[in-house]
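First up is the structure itself, then whatever we jot down about it.
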Amino acid sequence: MQLGVCYYPEQWPRSMWANDAKRMVELGISHVRIAEFAWSRMEPRAHEYDWTWLDEAVSTLAGAGLKIVLGTPTASPPRWLIDAYPDILPLRADGTRWNFGSRRHYDVSSERYREECVRIVTAMARRYGKHPSVIAWQTDNELGCHDTIPSYSTAALTRFRTWLARRYETIDALNRAWGNVFWSMEYPSFDTIGLPNLTPTDANPIHLLDFRRFMSDEVASFHREQADVLREFAPGADVLHNFMGFFTTFDHYRFVENGAVDVAAWDSYPLARTEVIALPEEDKARYARTGHPDVSAFDHDRYRAIGAGRFWIMEQEAGPVNWAPWNPVPAPGMVRLWAYEAFAHGAELVSYFRWRQCPYAQEQMHSGLNLPDNQLSQGGLEVARAAQEIAASSVLSGLPPASRAKVALVFDYETQWMFEIQRHGKTFDYQTLAFDYYQALREMSLDVDIVSRNADFSQYSLVVVPSLAVMSDDLVRAIENSSAQWVFGPRSGSRTPEFSIPLTLPPGLLQSALPVRVLEAESLRPTLTPATSLHGVEGNAIHWREHLQPGAGTEVLARFDDGWPAVVSHGRVRYAGAWFDHALHRALLDDAARAAGLAIGTLPEGLRVRRRGDVTFAFNFGPDVVAAPAPANARFVLGTRELRTADLCAWLEA
Ligand code: GAL
């Protein structure tokens with residue numbers, strides 16, 4: 001359980017650096033990330049490097065005893081580079097070009113830009129790769145942020161055609177797989193295929209999907225080119241990238257394949273995230289100063305799997321931010337709570353964004369651990385407290401890595417892309433559905449691993465698949481080979497990998513585990529809400545509903561008021577033929593969790609628990625004073641049973 005901070009020495013006079021480093025250490029900070037936007041200072045003119053300032057910053061921070069994470073500066077190509085190669089600026093779907101003047105203004109498919117990136121990263125890595133205090137490297141910064149993937153450039157088009165030729169081998173195979181006979185879309189050769197933008201009406205969904213698959217691979221290879229350089233010149237350091245919360249534009253499981261990162265780091269801004277995701281307005285209001293209780297946990301649990309057990313918070317909100325529709329000050333205590341929450345979910349490091357609020361430029365309204373005048377902010381004071389508590393407790397400072405949970409929730413990036421390409425109903429969003437299932441599990445006091453469809457499921461008691469557009473034989477085998485209870489949500493198995501409807505009808509290959517056929521599917525406007533009841537809980541379908549025809553041996557667990565089955569099951573497998581309201585999702589998962597033999601708790605609203613090693617943590621995000629569900633003989637290592645808003649406790653079972 002270590003603490004870090006993001007620091008920008010290039011934004012402050014050198015005379016401040018030594019004191020900053022000293023104060024970081026005094027605060028209990030062990031790690032500092034620097035340099036990820038400083039290209040114009042590392043190389044002020046083409047091929048003229050200036051390392052003097054970075055040498056001094058590194059030696060000042062290292063001299064104070066800090067461990068350094070160096071960021072490669074490729075998220076902010078400098079003006080001279082753009083002037084030399086204007087094609088680096090990406091093209092948007094509408095054909096217009098992004099301008100210089102902020103950041104992330106580059107085309108990930110530009111081969112020229114990739115060469116320039118490899119060049120600057122090589123120069124940096126040669127200089128600092130063996131420095132004993134440089135213990136990790138971050139590539140770029142938040143790949144895809146500000147909607148900078150995809151790019152519709154000539155470079156992207158050329159590489160897309162090559163990608164397609166590799167995937168399909170012959171143009172006939174592509175035409176067949178894409179169904180291009182429809183509307184005379186057949187292509188005579190790969191070099192006649194365009195990008196799927198600027199078409200009068202919808203482009204072919206498989207064209208859009210393959211473009212998304214391609215762009216996802218582009219992002220991964222962009223990172224990979226830098227990672228390869230870092231492996232060569234910084235062999236002892238961890239390589240990572242700082243991913244984002246609720247971000248699905250590239251496939252993170254594919255991104256990390258073949259050891260592309262050592263740690264999955266992600267950037268956690270709970271208040272801002274609560275404001276921007278699709279949540280009921282009453283939840284946004286209730287949790288405006290604490291963040292929704294599951295919003296960070298969802299990504300902690302996702303990135304823990306992506307990092308194969310190792311994850312960091314590279315940027316943790318330390319106070320109000322500048323980029324959400326509204327940016328309140330967190331409730332007193334939350335900055336401390338978020339650190340423990342991340343640790344409870346298995347984080348090795350929580351690093352705050354940023355050391356000091358910068359009084360100029362785009363992020364002047366973004367807080368840090370210090371105010372612009374260098375006194376500790378409320379967040380800074382809370383970090384000091386957390387650091388002292390951890391240092392004083394051998395239990396907290398010696399926590400083992402998080403172990404496997406009993407419940408897995410499958411999250412699948414391609415499913416997100418397919419249902420974005422074909423929402424069919426304007427309110428259908430797969431990640432929102434997955435989050436609703438996740439919330440229900442967390443309200444039941446369960447620890448959850450969020451995993452890919454290719455995970456090893458043999459040790460889980462309950463596997464929840466909120467939806468999975470494409471079913472595979474492998475997953476059907478995994479169901480057969482596990483002893484878990486399985487819950488599948490609507491639209492599972494509804495498409496082939498080529499974005500067609502399976503001729504056996506959805507849920508396609510899942511039918512061999514659960515005989516049922518989806519005859520028709522409908523999206524639901526807010527006034528269409530078929531009613532049903534499950535285990536005594538009354539509720540409605542929202543957004544989406546299917547007409548299920550159960551096969552032999554399939555049981556109907558609930559029916560809609562118009563007679564269609566709502567939930568069906570066969571052995572250990574359940575299928576929900578609708579997107580249900582939250583109470584019904586909860587009833588569905590409660591039933592499956594009981595069948596799986598899991599111990600279920602009922603937590604007061606806003607309270608969450610999470611176990612790591614022998615320690616159970618409880619966090620209160622809600623407005624009321626609540627009691628943590630600790631046993632009578634619990635030995636508290638932090639706090640007490642009674643929790644006010646933004647408070648937490650942790651205990652060992654005696
Ligand atoms: C992140 C980004 C940081 C900073 C921060 C502000 O998205 O990585 O550089 O902009 O947001 O919240």
Side-chain angles (χ1 to χ4, degrees), residues 4-12 31-41 69-78 101-106 108 136-149 219 222-223 226 240-250 252 261 263-277 291 295-296 299 303 311-330 334-335 338 342 349-372 377 379-380 383:
V5 74
C6 304
Y7 183 51
Y8 300 91
E10 70 277 15
Q11 297 172 3
W12 304 96
H31 289 61
V32 57
R33 184 194 69 181
I34 58 171
E36 81 275 13
F37 296 115
W39 195 335
S40 69
R41 290 297 171 96
V69 182
L70 270 186
T72 70
T74 55
S76 50
S102 65
R103 63 177 173 183
R104 302 216 53 76
H105 44 280
Y106 68 83
V108 75
W137 290 76
Q138 171 187 303
T139 60
D140 205 88
N141 189 78
E142 292 191 342
L143 288 162
C145 186
H146 314 313
D147 200 16
T148 49
I149 318 169
V219 174
F222 181 82
H223 161 85
Q226 299 193 17
L240 56 88
H241 175 71
N242 59 332
F243 301 112
M244 288 179 281
F246 275 76
F247 185 76
T248 54
T249 306
F250 58 86
H252 292 54
V261 301
V263 184
W266 79 280
D267 297 344
S268 177
Y269 293 93
L271 296 196
R273 189 65 55 210
T274 299
E275 277 297 349
V276 299
I277 63 172
V295 85
S296 300
D299 276 303
Y303 285 114
F311 86 97
W312 293 4
I313 308 303
M314 200 67 257
E315 299 177 13
Q316 172 67 59
E317 177 171 350
V321 308
N322 64 320
W323 51 266
W326 292 278
N327 298 290
V329 175
M334 283 315 294
V335 173
W338 289 324
L349 170 76
V350 174
S351 164
Y352 288 89
F353 188 87
R354 49 189 285 148
W355 173 244
R356 187 167 39 238
Q357 185 173 353
C358 185
Y360 55 89
Q362 280 92 331
E363 295 186 339
Q364 48 188 270
M365 290 300 285
H366 198 296
S367 61
L369 298 182
N370 289 277
L371 304 177
S377 63
V383 172

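As the structure lists them, so they are numbered: ligands from 1, and atoms in each ligand from 1.
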(message) Side chains of Glu275 and Pro325, heavy atoms from C-beta outward: is any pair under 4.5 Å?
(response) yes

(message) Suppose the criterion is salt bridge (charged side-chain N to carboxylate O under 4.0 Å, His left out): which pairs have a residue in residues 312-321, not counting sequence neighbours?
(response) Arg33-Glu315

(request) Would you indicate whether the side-chain heavy atoms of Gln11 and Arg354 approach each other to under 4.5 Å? (result) yes

(request) Write down, by chain and number, every protein residue that brings a non-hydrogen atom to less than 4.0 Å from an atom of ligand 1. (result) Phe37, Arg103, Asn141, Glu142, Asp267, Tyr269, Glu315, Trp323, Phe353, Glu363, His366

(message) Going by the rule side-chain hydrogen bond (donor to acceptor under 3.5 Å, both in side chains), which residues pair with Tyr7 if we only count those two or more places apart in sequence or in a different chain?
(response) Asp20

(request) Anything under 30° is parallel, anything over 60° is perpendicular, the rest tilted; go ahead and classify His366 against Phe353. (result) perpendicular

(request) Using ring pair (Phe, Tyr, Trp, His ring centres under 6.0 Å) as the criterion, list what pairs up with Trp323, not counting sequence neighbours. (result) Tyr269

